[in-house]
J.: 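I have a structure here, written as structure tokens, and I will follow up with some questions on it.
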Amino acid sequence: MTLTASAKPVSPRPSAAHRTWRTLSPYAYIAPFFTLFAAFGLFPLIYTAFVSLYRVELQTPGEMQWRGFGNYTALFGDEIFWTALRNTFTIGVLSTVPQLVMALGLAHLLNYRLRGRTFLRTAMLLPYATSVAAATLVFAQLFGRDFGLINYVLGLVGFGPVDWQAGTVSSQIAVSTIVIWRWTGYNALIYLAGMQSIPSELYEAAEMDGASRWRQFVHVTLPGLRPTILFTVVVSTIGATQLFGEPLLFEGSISGGISHQYQTLGLYMYEQGWGFFHLGRAAAIAWVMFLLILVLVGVNALIARRRPRKEAGR
């Protein structure tokens, strides 16, 4: 008597429609993102570049007169543009450098086992969650010339009242203080997350070698945080270039003070577009800001790449 092996079931061959769906389904899942990006990101960017080549007024947006690069040449010949560019740079430095240094120090402290760490981490996000308008209006009162709390404290130590809104340096310090208050806690939590990803074995090895807390911070924490620091520098640079709400609400003027002493590029663009109704000029400013951000991000990326190469060559 012979035994016959049982025949294995043959799976049905997928149809052409099923094979097509398996090929196209990944693209269908990501299509909503790219559709929204094209509609609200890419198209406005291209259309702004198109408008920047024309003379367009807010009252008559349908009447467009070709100017070529005339908006850009007029922009670079405007002294107020260079003032706004300089103010953007100085306010960016005054707000970004102290902000990131303070955030790094706070994250280093929170990385230790402290009591109430959860409460402190939550409290650090409260300034970030606060409305820009609410925070700026409160700080405008604090920096008031006659009844501000800052001048009151300065008077207690023997200094005279400072007109924070009138002076160039004083107004930029005041605006930078608002930015520092809002974003320091946010960056501190980013640094804290980066510190917790550093292997604890590195700290244990450094401690066995007799390294102090400061040496551990310099030789273990900072090298481990280099990608995180680069990320926060890039994001802070982009935010400083686009700074708008704080200087606008600090005094409520789109000119950034009587002599444009704290007018940023964002305020200058708003003044040209919605103050003077020059939409073509405002579009040119927007593209200059976009190109400036690309240059700054590229410089940061080059610096970040050259430093590891130098260390590897030692």
Side-chain angles (χ1 to χ4, degrees), residues 41 44-58 67 69-100 132-133 135-136 139-140 165 167-180 182-183 233-300:
L45 184 67
I46 298 175
Y47 185 72
T48 301
F50 172 76
V51 172
S52 68
L53 302 178
Y54 288 84
R55 179 177 181 177
V56 188
E57 300 299 322
L58 184 62
R67 291 200 65 189
F69 291 100
N71 286 325
Y72 293 92
T73 55
L75 187 65
F76 295 143
D78 189 359
E79 184 179 353
I80 300 178
F81 165 76
W82 296 107
T83 301
L85 180 62
R86 182 175 62 251
N87 293 340
T88 302
F89 175 78
T90 54
I91 294 176
V93 173
L94 289 174
S95 60
T96 300
V97 176
Q99 172 193 150
L100 297 183
V132 179
T136 306
F139 272 89
Q165 295 178 344
T168 300
V169 177
S170 60
S171 60
Q172 293 182 6
I173 290 176
V175 173
S176 301
T177 303
I178 306 172
V179 180
I180 293 171
R182 291 196 67 241
W183 290 97
V233 169
V234 170
V235 173
S236 300
T237 301
I238 295 174
T241 307
Q242 298 176 337
L243 191 62
F244 175 75
E246 289 85 349
L248 173 64
L249 298 173
F250 181 60
E251 192 183 6
S253 171
I254 61 176
S255 60
I258 299 176
S259 57
H260 307 274
Q261 63 267 23
Y262 59 91
Q263 186 182 44
T264 59
L265 287 176
L267 267 184
Y268 181 63
M269 179 184 64
Y270 185 84
E271 181 186 42
Q272 291 294 321
W274 283 262
F276 300 148
F277 311 128
H278 303 322
L279 292 185
R281 182 80 63 88
I285 299 170
W287 254 85
V288 169
M289 293 173 60
F290 174 70
L291 296 177
L292 179 62
I293 290 174
L294 291 182
V295 170
L296 294 176
V297 172
V299 170
N300 287 328

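All residue numbers in this chain count up from 1 along the given sequence. Computed from a predicted structure; not experimentally measured.
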J.: Tell me whether F89 at atom CZ has more than 12 heavy atoms from other residues, nucleotides or ligands lying less than 6.0 Å away.
T.: no
J.: I want to check something: taking the side chain as every heavy atom from C-beta on, are T237 and V297 in contact at a cut-off of under 4.5 Å?
T.: no
J.: Treating H260 as the side-chain partner and S255 as the backbone partner, does any N or O pair qualify as donor plus acceptor under 3.5 Å?
T.: yes
J.: If we ignore angles and hydrogens, is there a donor and acceptor under 3.5 Å between the side chains of Y262 and Q165?
T.: no
J.: Is it true that, when you exclude L294 itself, more than 12 heavy atoms of the residues, nucleotides or ligands shown sit nearer than 6.0 Å to its CG?
T.: yes
J.: Would you mind reporting whether Y72 and L53 have side-chain heavy atoms less than 4.5 Å apart?
T.: yes
J.: Taking the side chain as every heavy atom from C-beta outward, state whether F276 and L58 have any atom pair closer than 4.5 Å.
T.: no
J.: Strictly distance-based, threshold 3.5 Å: is any side-chain N or O of N87 a donor or acceptor partner for the main-chain N or O of Q263?
T.: yes
J.: Which pair of heavy atoms, one from T88 and one from A240, lies closest together, and at what distance?
T.: CG2-O, 3.6 Å
J.: Evaluate E57 against F277 for side chain to side chain contact (heavy atoms under 4.5 Å, CB included), listing each step before the verdict.
T.: CA-CA 5 Å; E57 300 299 322; F277 311 128; 4.2 Å; yes
J.: Quick one: are the ring centres of Y270 and F244 less than 6.0 Å apart?
T.: yes
J.: Any sub-3.5 Å donor-acceptor pair from S171's side-chain atoms to T168's backbone N or O?
T.: yes
J.: Are Y268 and D78 close enough that a side-chain donor and a side-chain acceptor fall under 3.5 Å?
T.: yes
J.: Once rounded to the nearest 0.5 Å, what's the spacing between atom CD of Q272 and atom CG of L267?
T.: 12.0 Å
J.: Rounded to the nearest 0.5 Å, what separation is found between the CZ atom of F250 and the CD atom of Q172?
T.: 11.0 Å
J.: Among residues at least two apart in sequence or on other chains, which ones pass salt bridge (Lys or Arg N to Asp or Glu O under 4.0 Å) with E246?
T.: R182
J.: Main chain of L243, side chain of T264: is a donor-acceptor contact present, judged purely on distance under 3.5 Å?
T.: yes
J.: Tell me whether Q99 contacts the main-chain N or O of S95 through its side chain, where contact means a donor paired with an acceptor under 3.5 Å.
T.: yes
J.: Looking at CG of L248 and CD1 of I254, how far apart are the two atoms once the value is rounded to the nearest 0.5 Å?
T.: 8.0 Å
J.: Can you name the nearest heavy-atom pair linking L279 to G273, along with the distance?
T.: CD2-O, 3.9 Å
J.: How far does OG1 of T177 sit from CD1 of I180, to the nearest 0.5 angstrom?
T.: 5.5 Å
J.: Are side-chain N/O atoms of Q261 and S259 paired as donor and acceptor at under 3.5 Å?
T.: yes
J.: Between the main-chain N or O of A133 and the side-chain N or O of T136, is there a donor-acceptor pair closer than 3.5 Å?
T.: no
J.: So, taking the atom named CD1 in I238 and the one named CD1 in I293, what distance separates them when rounded to the nearest 0.5 Å?
T.: 6.0 Å
J.: Take L265 and L85 through the test side chain to side chain contact (heavy atoms under 4.5 Å, CB included) and record every step on the way to the result.
T.: CA-CA 6 Å; L265 287 176; L85 180 62; 3.8 Å; yes
J.: I'd like to check the salt bridge (Lys or Arg N to Asp or Glu O under 4.0 Å) partners of R86; sequence neighbours left out, ordered by chain and number.
T.: none
J.: Between CG of L75 and CD1 of I80, what distance do you get to the nearest 0.5 Å?
T.: 11.0 Å
J.: Please check this pair: side chain of E251 against backbone of G256, looking for a donor-acceptor N/O pair closer than 3.5 Å.
T.: no
J.: Would you say W287's side chain and A282's backbone share a donor-acceptor pair under 3.5 angstrom?
T.: no
J.: Looking at R55, is its backbone amide N or carbonyl O close enough to the side chain of N71 to form a donor-acceptor pair, meaning the two atoms are under 3.5 Å apart?
T.: no
J.: Run the side-chain contact (heavy atoms from CB on, under 4.5 Å) test against A286 and tell me which residues pass, sequence neighbours left out.
T.: T48, M269
J.: Check the surroundings of atom CZ in F76: do more than 12 heavy atoms from other residues, nucleotides or ligands lie under 6.0 Å from it?
T.: yes
